[in-house]
Amino acid sequence: MKDLHAELEQRKQDGLYRSRRILQSPQGAEITIDGQQVLNFCSNDYLGLANHPDIQQAFIKGIETYGSGSGAAHLVNGHSSAHHALEEELAEFTGYPRALLFSTGYMANLGIAQALCDKGDSVLEDRLNHASLLDAGLLSGARLQRYQHGDISDLENKLIARKTGEKLVMTDGVFSMDGDIAPLNQLVDLCQQQDARLLVDDAHGIGVLGEQGRGSLSHCHIPDHNKPVLMATLGKAFGTAGAFVAGSEDEIEYLIQQARTYVYTTASPPALAEATRTSLRIIQRDDWRRDHLQSLILQFKTAAKELGLPLMDSDTPIQPVIIGDSKKAVDISKQLFQQGIMITAIRPPTVARNTARLRITLSAAHTKQHLDRLIIALSQLTDKA
Ligand SMILES: *Cc1c(COP(=O)(O)O)cnc(C)c1O
């Protein structure tokens with residue numbers, strides 16, 4: 001039998017051991033975690049909606065109307081009018097004929113790849129795709145190939161080399177660990193030329209980018225007649241939980257029939273759908289949240305450049321500072337925590353070897369003053385380094 005204890009000890013020695021801190025407050029700019037009050041720069045609550053009073057009220061009212069649980073899968077009798085209304089509103093918001101709710105983004109990605117691909121087909125993925133997309137490709141039974149990050153000609157060569165079978169290309173819209181945006185215009189054109197289906201996972205773009213927060217596709221002005229299949233999550237900018245897929249009538253109907261992670265799981269609570277409906281209205285209405293977030297991103301990037309911090313080419317709220325060594329990244333993260341600032345160290349295997357980083361995420365819940373504190377703390381650390 002595998003020596004689990006020895007492997008765990010080795011992980012500790014390699015600086016790769018992960019442990020959970022316990023959050024004792026709602027998510028927000030200032031949180032209480034492990035008994036300490038800290039400024040939070042590591043959640044994905046980009047618009048500050050995870051603790052919004054109107055969304056809470058919608059959740060509570062949803063429970064009063066629909067109870068606490070859905071009680072069954074969507075195809076049995078768990079598909080409530082709350083789920084249905086949210087799907088229609090999400091389809092309209094994203095400009096697609098139909099949308100379909102999944103319980104999590106991870107399950108949505110697994111379901112899409114498994115439903116759309118068979119043995120003999122091909123899945124092509126950006127090297128830096130989120131783990132759930134890579135797992136989706138692996139579990140689909142199709143042949144999985146990864147192309148160089150954002151490299152259209154590498155993808156083109158790989159697509160041309162596949163002479164038989166269906167081709168599915170999967171990409172993050174905004175890359176979750178680097179914060180850069182995929183070359184969506186080129187991907188859409190190439191996939192059309194090569195008769196490949198394209199899936200864009202917009203977990204980090206929806207709500208944040210584009211007109212009224214419609215996401216990366218809107219940000220890149222992808223025309224309606226040429227839209228890829230869209231997957232987006234509800235646990236990040238939306239501040240609730242779950243995910244949806246938007247696509248054509250046939251694409252969505254096919255997923256309802258075939259996606260195992262849709263068919264064989266309990267529908268999420270209808271009250272959650274009610275909360276998300278309110279969140280969607282706030283996302284569409286509150287341009288100020290996106291405007292404020294953009295001004296924070298600019299403030300951070302300007303200050304970081306002055307400090308000479310190694311930033312990545314990101315204009316999104318994901319602003320990684322590359323440290324390299326895993327242990328060093330963890331040490332810095334610990335020091336910041338002691339000073340009341342929480343930023344997690346992201347290490348392999350989540351990112352490539354020797355690219356351990358502090359993944360700073362900004363939120364509309366932050367103030368300019370919060371950011372000033374972050375920048376002072378980072379400058380003290382770089383002085384010491
Ligand atoms: C968070 C994330 C997911 C998973 O979504 P969950 O709803 O948290 O399961 C999928 N793709 C990307 C790019 C993500 O960042």
Side-chain angles (χ1 to χ4, degrees), residues 20 23 27 42-47 49-50 83 86-87 90 94 99-114 123 125-140 146 149-150 168-182 184 187 198-210 213 215-217 219 228-246 255 259-262 265-269 272-273 275-276 279-280 312 314 316-320 344 346 349-351 357 359-363:
R20 301 169 302 173
L23 179 65
Q27 197 60 263
C42 50
S43 86
N44 299 312
D45 180 24
Y46 299 122
L47 297 179
L49 297 182
H83 295 120
L86 175 59
E87 286 181 345
L90 287 168
T94 52
L100 184 68
L101 287 173
F102 279 78
S103 295
T104 74
Y106 204 126
M107 289 171 68
N109 283 338
L110 295 187
I112 293 164
Q114 165 262 317
V123 173
E125 302 208 29
D126 190 292
R127 285 200 74 81
L128 297 191
N129 272 356
H130 188 260
S132 61
L133 285 173
L134 295 171
D135 290 355
L138 285 169
L139 293 174
S140 71
R146 302 208 266 169
H149 178 51
L168 176 66
V169 175
M170 298 174 114
T171 183
D172 281 21
V174 173
F175 287 89
S176 54
M177 295 301 140
D178 288 32
D180 57 330
I181 301 170
L184 293 174
L187 284 167
L198 175 63
L199 170 95
V200 175
D201 173 341
D202 209 22
H204 301 276
I206 198 87
V208 174
L209 300 175
S216 307
L217 298 169
H219 177 83
V229 181
L230 169 69
M231 195 293 291
T233 64
L234 304 170
K236 288 165 182 153
F238 270 81
T240 57
F244 70 94
V245 181
L255 291 178
R260 296 174 65 83
T261 57
Y262 184 77
T265 198
T266 301
S268 57
L272 178 61
T276 305
S279 172
L280 176 59
M312 302 198 71
S314 162
T316 68
I318 302 168
Q319 293 291 331
T344 39
I346 307 281
T350 307
V351 294
R357 64 198 64 185
R359 179 176 179 270
I360 295 171
T361 53
L362 303 175
S363 163

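Order of listing sets the numbers, starting from 1, for every ligand and every atom in it.
Using 4.0 Å as the threshold, Gly235 has no heavy atom nearer than that to any atom of ligand 1.
Given atom 1 (C) of ligand 1, the protein heavy atom at minimum distance is Lys236 NZ, 1.5 Å. Among all protein heavy atoms, the one lying closest to atom 11 (N) of ligand 1 is Asp201 OD2, 2.5 Å. The protein non-hydrogen atom at the shortest distance from atom 6 (P) of ligand 1 is Gly105 N, 3.3 Å.
The Thr233 neighbourhood of ligand 1 comprises atoms 5 (O), 7 (O), with distances under 4.0 Å to a heavy atom of that residue. Under a 4.0 Å criterion applied to the non-hydrogen atoms of Ser132, ligand 1 contributes the atoms 10 (C), 11 (N). Within ligand 1, the atoms closer than 4.0 Å to a non-hydrogen atom of Tyr106 are 4 (C), 5 (O), 6 (P), 9 (O), numbered from 1 in the order shown.
For the pair Pro320 and Ile346, the minimum side-chain heavy-atom distance is 4.5 Å or more. Considering only heavy atoms from C-beta on, Asp126 stays 4.5 Å or farther from Asp172 through its side chain.
Side chain of Thr265 to backbone of Thr261: no donor-acceptor contact under 3.5 angstrom is found. A side-chain donor-acceptor contact under 3.5 Å links Arg357 to the backbone of Met177. Gln114 places no side-chain N or O within donor-acceptor distance of the main-chain N or O of Leu139, the cut-off being under 3.5 Å.
Residue Ala203 touches ligand 1 through its side chain alone, judged by heavy-atom distances below 4.0 Å. For Thr104, heavy-atom contacts with ligand 1 shorter than 4.0 Å involve the backbone as well as the side chain. Contact annotation: for Met107 versus ligand 1, there are no heavy atoms closer than 4.0 Å.
Of all the heavy atoms in Ser132 and Asn109, the pair that sits closest is OG-ND2, 3.0 Å.
For the residue pair His149/Asp178, the side-chain donor-acceptor check at 3.5 Å is not satisfied.
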